[in-house]
2 protein chains.
Amino acid sequence: MKSSQVTIKDIARELGISPSTVSRALKDHPDISQETKRLVNELAKKYNYKPNAIALSLRNQRSNVIGVVIPEIVHYFFSSVISGIEEVANANGYSVMISQSNEDFNREVAACETFLNGIIDGVLISVSKETNDYTHFHRFEEEGIPIVFFDRAVDEIQADRVIIDDFDGAYQATEHLIVQGRRKIVHFAGPQNRLIGQNRLNGYLKAMRDNGVVIDERLIIPCDTFQSALVETQKLIESGLKFDSIFTVNDFTAAGALKILLRNGYKVPDDIAVVGFGDDQTSLMVEPTLTTVNQPGFEMGKKAMEQLIRRITQTKPEPPVTELLKTQLIVRESSRS
Amino acid sequence: MKSSQVTIKDIARELGISPSTVSRALKDHPDISQETKRLVNELAKKYNYKPNAIALSLRNQRSNVIGVVIPEIVHYFFSSVISGIEEVANANGYSVMISQSNEDFNREVAACETFLNGIIDGVLISVSKETNDYTHFHRFEEEGIPIVFFDRAVDEIQADRVIIDDFDGAYQATEHLIVQGRRKIVHFAGPQNRLIGQNRLNGYLKAMRDNGVVIDERLIIPCDTFQSALVETQKLIESGLKFDSIFTVNDFTAAGALKILLRNGYKVPDDIAVVGFGDDQTSLMVEPTLTTVNQPGFEMGKKAMEQLIRRITQTKPEPPVTELLKTQLIVRESSRS
DNA sequence: CTGTTAGCGCTTTCAC
DNA sequence: GTGAAAGCGCTAACAG
């Protein structure tokens, strides 16, 4: 933000006309003569004139900047969401400001504080795992700044949300295994204090019941990282429990399970089938390729941003909307009989 | 950016004093009486007053916002860099605006254009693979906006850079293979219009020469994605050329090569050793685990942001600085004899 | 100790 | 068809 920017004043001075005329000429205002417009535009191009976004923001009370509060960018899913957000933002003249909470409550609050300084027109939020107090979100409501929650929503706040149909995704994945003839299906489950973990477990349970498969509680194991999957899978094998497949809460966990299975001499999918969740890039890279559930992250980002723009530009208030995005089962080698 | 924000004027009106007094009171200016300060601060707290960042930016000619132009956030490495950038930015009161080029030249130019609207104090850039024309970068120089390049720099622009010692990393990786007794080492090389691709190739070449290994040009193949590695590795095998190891420009390419090798019945590392670059999460998940070169992404982000802040706040011009970050060879199963 | 004024860059009434 | 003036929110020089 150094001083060398050309302003409307500079052009006006050089042409011996007033700033207001220049402003109008640049916006092709009908009152201005063709000749003046020509002169102004010529000079603007020559000096690479760009309207000063900050001055515009101050004047218009709109910055065309939106804020994103997101747990951790380093997950493929979240970075896909950001790409979707950016896609729609760019297409509509918005810029995107990003702040990570790193799943830490205090950082989330700090991120929201920063966004309350008047610079943003609206905010997209995915709530951190730690968060149980929602006052920092209320501040946006007070200021009249629209919020759209994505992926991780909060019931206590009246706002739009775009979320994944985790239940259905897990249901499809489990039913797929059953259709392939599997019955002793292990589930490596996510944390049960979060909806996402609950919904995926519930989808698994429902699919089992609907298909008359006996549920063995011992096959439902809390495990949601690559590292813990290495440990838990080995324990599972050594436990002597019979199982013919594993459905995991995410792809990293599946990759860990897969690795340990192979190292113990199991054939995948012949002996044990493996299904992940998320359609992370990794699912294509492991050998055999991993059956998984596609989470439309990019799509989610797009929808969330579209909804936010709708809120920012709406004239009359409308009730909050929840958009549920469908998942898609992607069958690959790790489960194909 | 709705209207409900409390301003200095509002507080002044309610207290029957002037806006300037309020402004001064809020900054604890020595001229203002304790009583007035108390009154002002009380009201400010009561109404949740926050200084309007946009007005401040316009006034100070500094926004405390920086821009980041980055190829693709969805790579673990780049998102680590962003985390590093954010870490330092937050600690110093800066906000971060992100724009992805998706390795597309036109999008990179568009991203730069947007950042030229006066909203940013400085910019961090990692150049897209496609970029061969650098005029859009020059615009920042003209406007007096400092640039720091990270990871993918450009010789044609005089600016700070924080880069990985790609040459040394590639040298170490290659020498490691040689020490393991490999001689016919394939290199899947990155684009040669980027320093990063050049340096990694050069490191490979130097290590070969230093160790008296004959260089076979046919074993140097342009290939830098998972998908292309699937194709190129198969072609390589079918070509009948003899090789005993592959060193790739990144881990995804290594993962692709690994997959095809295994599918063709090769044992890794017994028949063919594979070494990647980047220490992506994937390198641990594939089977066997992948020997790779650690790139300190988070560190890079921090250093780049620190350097940018130095530029933004510097009083007298100083010559450009290049910071070279050391890599570390991580030996895993894919190359251990 | 506090108020007035001017101005950051831009637009938009209102006036001629 | 064009200009002058006011104001978005804030601050700093200048006056008292």
Side-chain angles (χ1 to χ4, degrees), chain A residues 1-41 43-44 47-65 116-121 143-144, chain B residues 1-41 43-44 47-65 116-121 143-144:
Chain A
M1 262 189 69
K2 272 294 201 48
S3 44
S4 34
Q5 282 240 42
V6 180
T7 74
I8 275 190
K9 262 188 173 174
D10 298 328
I11 297 181
R13 195 175 330 109
E14 176 148 352
L15 251 38
I17 60 181
S18 80
S20 17
T21 304
V22 175
S23 171
R24 280 184 281 236
L26 287 169
K27 331 187 80 66
D28 202 21
H29 191 105
D31 276 0
I32 304 297
S33 75
Q34 288 308 317
E35 178 60 4
T36 307
K37 282 182 188 165
R38 199 182 54 73
L39 255 37
V40 168
N41 284 307
L43 217 53
Y47 288 147
N48 252 324
Y49 169 80
K50 291 210 107 200
N52 181 309
I54 296 182
L56 280 174
S57 300
L58 189 59
R59 172 117 242 282
N60 301 336
Q61 302 292 81
R62 286 180 79 255
S63 63
N64 274 30
V65 174
L116 281 163
N117 64 2
I119 220 173
I120 59 157
D121 288 346
E143 305 279 355
Chain B
M1 266 191 72
K2 272 293 202 45
S3 44
S4 34
Q5 281 240 44
V6 181
T7 74
I8 275 190
K9 262 190 176 172
D10 298 327
I11 297 181
R13 196 177 328 107
E14 176 149 352
L15 251 36
I17 58 180
S18 81
S20 19
T21 304
V22 176
S23 171
R24 281 184 280 233
L26 287 169
K27 331 186 80 66
D28 202 22
H29 190 104
D31 275 1
I32 305 295
S33 74
Q34 287 307 318
E35 179 60 5
T36 307
K37 280 182 190 167
R38 199 181 55 72
L39 256 37
V40 168
N41 283 306
L43 217 55
Y47 289 146
N48 251 324
Y49 169 79
K50 292 211 110 201
N52 181 308
I54 295 183
L56 280 175
S57 300
L58 189 59
R59 173 115 242 281
N60 301 336
Q61 302 291 83
R62 285 181 77 253
S63 64
N64 274 29
V65 174
L116 281 163
N117 65 1
I119 220 172
I120 60 158
D121 289 345
E143 305 279 356

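Chain identifiers are assigned alphabetically (A, B, ...) following the order of the sequence lines, protein sequences preceding nucleic acid strands; residue numbering begins at 1 within each chain.
- One atom, CG of B:Asp10, and another, P of D:dC8, lie 10 Å apart when rounded to the nearest Å.
- The side-chain hydrogen bond (donor to acceptor under 3.5 Å, both in side chains) check on B:Asp10 picks up B:Thr7, B:Arg13, with sequence neighbours excluded.
- As rounded to whole Å, 14 Å separates atom C1' of C:dC1 from atom CG of B:Asp28.
- From one end of the helix from C:dC1-D:dG16 to C:dC16-D:dG1 to the other, with five pairs defining each end axis, the axis direction shifts by 60° (rounded to 10°).
- The nearest whole Å value for the distance from the CG atom in A:Leu58 to the C1' atom in D:dC10 is 9 Å.
- Of the candidates C:dT2, D:dT2, C:dC10, C:dT2 carries the atom nearest the B:Ser33 side chain, counting heavy atoms from C-beta on.
- Whole-Å rounding puts the A:Ile11 CD1 to C:dG9 C1' distance at 12 Å.
- Proximity of B:Gln34 to the phosphate of C:dC1: no side-chain N or O atom is located under 4.0 Å from OP1 or OP2.
- Scored by the salt bridge (Lys or Arg N to Asp or Glu O under 4.0 Å) test, B:Asp28 finds B:Lys37 as partners (sequence neighbours excluded).
- The interatomic distance linking A:Gln61 (CD) with C:dT12 (C1') rounds to 15 Å, in whole Å.
- In this structure, A:Ile54 CD1 and A:Ile119 CD1 are separated by 7.0 Å, a value rounded to the nearest 0.5 Å.
- Heavy-atom nearest nucleotides on DNA chain C were determined for B:Ala55 and for B:Ile32, and the one closer to the 5' end corresponds to B:Ile32.
- A straight line from NZ of B:Lys9 to P of C:dT4 spans 13 Å, rounded to a whole angstrom.
- For the side chain to side chain contact (heavy atoms under 4.5 Å, CB included) criterion with B:Tyr49, the lone passing option out of B:Leu43, B:Asn41, B:Leu26, B:Val22 is B:Leu26.
- Taking OG1 from A:Thr36 and NE2 from A:His29, the interatomic distance works out to 12.5 Å, rounded to the nearest 0.5 Å.
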Which letters describe nucleotides 11-16 of chain D, given B = protein heavy atom under 4.0 Å from base, S = only from sugar-phosphate, - = neither?
-> BBB---
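- One can place CG of A:Leu15 at 15 Å from C1' of D:dG3, the figure rounded to the nearest angstrom.
- When the salt bridge (Lys or Arg N to Asp or Glu O under 4.0 Å) test is applied to B:Arg38, the partners found at least two apart in sequence or on another chain are B:Glu35, B:Glu42.
- Taking 4.5 Å as the limit, every side-chain heavy atom of B:Val40 sits out of range of all side-chain heavy atoms of B:Ile32.
- A sub-4.0 Å separation between OP1 or OP2 of D:dG3 and a side-chain N or O of A:Ser18 is present.
- Rounded to whole angstrom, the span from the CD atom of A:Gln5 across to the P atom of C:dG9 amounts to 9 Å.
- When every heavy atom of A:Lys50 is checked against every heavy atom of A:Gln5, the shortest pair comes out as O-OE1, 3.8 Å.
- By the side-chain hydrogen bond (donor to acceptor under 3.5 Å, both in side chains) test, A:Ser23 is found to be paired with no residue, residues two or more places apart in sequence or in another chain being considered.
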